[in-house]
Amino acid sequence: MQYVFPKDFIWGAATAAYQIEGAYREDGKGENIWDRYSHIPGRTFEGHTGDVACDHYHRYEEDIRIMKEIGLKSYRFSISWARIFHDGKGTPNQKGLDFYRRLTEKLNESGIKPAATLYHWDLPQKLQDLGGWANRDTAGWFADYAAYMFEKLGDQVPIWITHNEPWVAAFVGHWIGRHAPGITDFRTALQAAHHLLLSHGQAVRAYRDMGCSGEIGITLNMNPVYPASEKEDDKAAAGMYDEYLNRWFADPVLKGSYPAGLMAYFQEMGLLPEMDDGDMELIHQPVDFLGVNNYYSSFIKYEGSLWPIPAAETMTGRDRTQMGWEIYPEGIHDLLMRLHRDYEGVKILITENGAAFNDIVNREGNVEDDNRLDYLYRYLGQVHRAISSGADVRGYYAWSLLDNFEWGHGYSKRFGLVYVDFRTQQRIMKKSAHWYRDVIRNNGF
Ligand code: IFM
C-alpha cells in the first residue's frame, strides 16, 4: 500500500439536515429560512426544494445500514434547529428531539461515531423575522439551543461542530444573496458574520461550563489562495482575499482578532461591524479541533472595480467538476500545511471534501463514477502527504454520503458516494463507495 493513515484515523462521510431529511413540516418542525427561500419562484434550480429531499427522516435506518456497509467510523450530520425549537426559542419540540435520539442511538449501536453540526444554514424563519443573524440576540438564542442539545444528546454525541461554513452563511446569504435569506447588503453580511462567530464562542463556553466530555470545534470553508500571476497587484489582492475567505473566521476563533489588513480597509470604507468589548475574547474559546471543508483552490487576480473586495477568482484551465470547480489536489496539501504553520498545534478534521459529477445508472444498475473515485484518490493522497509532513489531521469526511439537495442547484448536482433516485428513493452504492469501503478497511490505499 502506498498511503497508510495514522492509527485511529476517523473515516467518515457527511450530510446536512436540510439537504437530506425532508419531512419539512412533520412532527412539529417549524419553518426555516431554506423552506421559505426555496419556495420563492426562481431562487433554486427548476424550483427544487428540500421538502422531501432523500426522505432521510423516515429512511435513516436504511441509511445507517449503508453506512455500516461502507464501514464508516463516523457520520457527520446536522441538526435542524426548527425541528427542536419550532420558533427558534421557547418550548422545545419533543418529537424533533426524539428523531435525533433515535438516529444517534442507532449510530452508536452500529459502531459509528455521531458528529453533530448545530447549524448548517437553516435558521428558524421566526428568528429571521426578528432580524436573523444581523440581530445580536440570535447569538444568544443559538447558544441556548446549543446548550439544550448538549444536555439532551451529550451522552450520544462525542463530536460537536457549532457552525458549518459561516462564511457562506454570512456572505452568500447576506451579500451575494444566492442562499437564504437572500439579502444583498455587504454591511449586513459583515454584521451577520460577527454574530455567527459570537454565537460559536457562546456555544463553546456553554459546552465547557456544562462539563461535557466530548470534543467541540467549528467547520470553515477554506481554500488555499494563490496570486493569479507574479504581478504585485495580484499578490496584494490574493493576500486580501485570503483574509476575507479564510482568516476572517479562522483568526478570531484561533487567535482572538480579525486580520489587520482587512480590518483597516473596512474601517476606511466605513463598513466595520458593531461589536462590544469582550466579544473577541468570547469568540476566542479554546476549541478541540478545526473542521476544514475544502473542494478547490482560489487563484486570485486584482479586480479594481469589484466592490468591496477588489479581488476575483480566476480559472487556470485545469479539469473541473460539475460545479465548475477546478481540480487541484495539491491545494489541500498546501492548505493543511499552511494551517499547521499559522495556527500552531491546531488539530484538524477534514469535515468535507468531494466532487459533483453527472452520474448515470448503467444497464447493470451500477454507477461507475471513476471521475469521483479519481478525485478522492488524488485528494486523499495529498492529505496523506500533509500528514507525513507534520500536519495534525485526525479525520476525513467525504461529502457526501448521499446525493442530495445542493442548495440553489437543487438536485442537479450529485456529490454522493451513494446514488439516490429521487423518484423512488432507491439508494445505490456507487463505485466510489465501494472503493472508499476498501480504503477504510485497509486504513489506506
Ligand atoms: O453541499 C455543500 C455543503 O452543504 C456545504 N459545503 C459544500 C457542499 C458542496 O457545495
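Computed from a prediction, not measured in an experiment: that's the story for all the values here. Just so you know, ligand 1 is whichever comes first in the structure, and atom 1 is the first atom listed for that ligand. Along the sequence shown, the residues carry numbers beginning at 1.
- With respect to Glu215 and Lys347, a salt bridge is recorded, a charged nitrogen being found less than 4.0 Å from a carboxylate O.
- Counting only distance, with no hydrogens or angles, the side chain of Asp8 and the backbone of Ile10 share no donor-acceptor pair below 3.5 Å.
- Phe171 and Trp167 have tilted rings, their planes meeting at an angle from 30° to 60° on a 0 to 90° scale.
- Using a 4.0 Å cut-off between heavy atoms, Trp325 contacts ligand 1 through its side chain alone, with no backbone atom that close.
- Each of Asp63, Leu401, Val420, Asn404 was compared with His56 under the side chain to side chain contact (heavy atoms under 4.5 Å, CB included) criterion, and only Asp63 meets it.
- Between Gln19 and ligand 1, an N or O atom pair is found at a separation short of 3.5 Å.
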Verdict with supporting geometry, Lys430 and Asp403, salt bridge (Lys or Arg N to Asp or Glu O under 4.0 Å): CA-CA 11 Å; Lys430 300 179 193 176; Asp403 291 338; 2.8 Å; yes

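- Side-chain contact of Tyr60 with Glu21: a donor-acceptor pair under 3.5 Å is absent, judged by distance alone.
- Applying the 4.0 Å criterion to heavy atoms of Glu165 picks out, from ligand 1, the atoms 5 (C), 6 (N), 7 (C).
- With Leu254 as reference, Leu290 is the one residue of Ile218, Ile283, Leu290 to meet the side chain to side chain contact (heavy atoms under 4.5 Å, CB included) rule.
- Residue Asn164 has no N or O atom closer than 3.5 Å to an N or O atom of ligand 1.
- Distances between N or O atoms of Glu406 and those of ligand 1 include at least one value under 3.5 Å.
- Looking at ligand 1, you'll find an N or O of Trp407 within less than 3.5 Å of one of its N or O atoms.
- Atoms of ligand 1 lying under 4.0 Å from at least one heavy atom of His120, given by number and element, are 3 (C), 4 (O), 5 (C).
- Annotation: atom 8 (C) of ligand 1 to nearest protein heavy atom, Tyr295 OH, 3.4 Å.
- Closest protein heavy atom to atom 7 (C) of ligand 1: Glu352 OE1, 3.2 Å.
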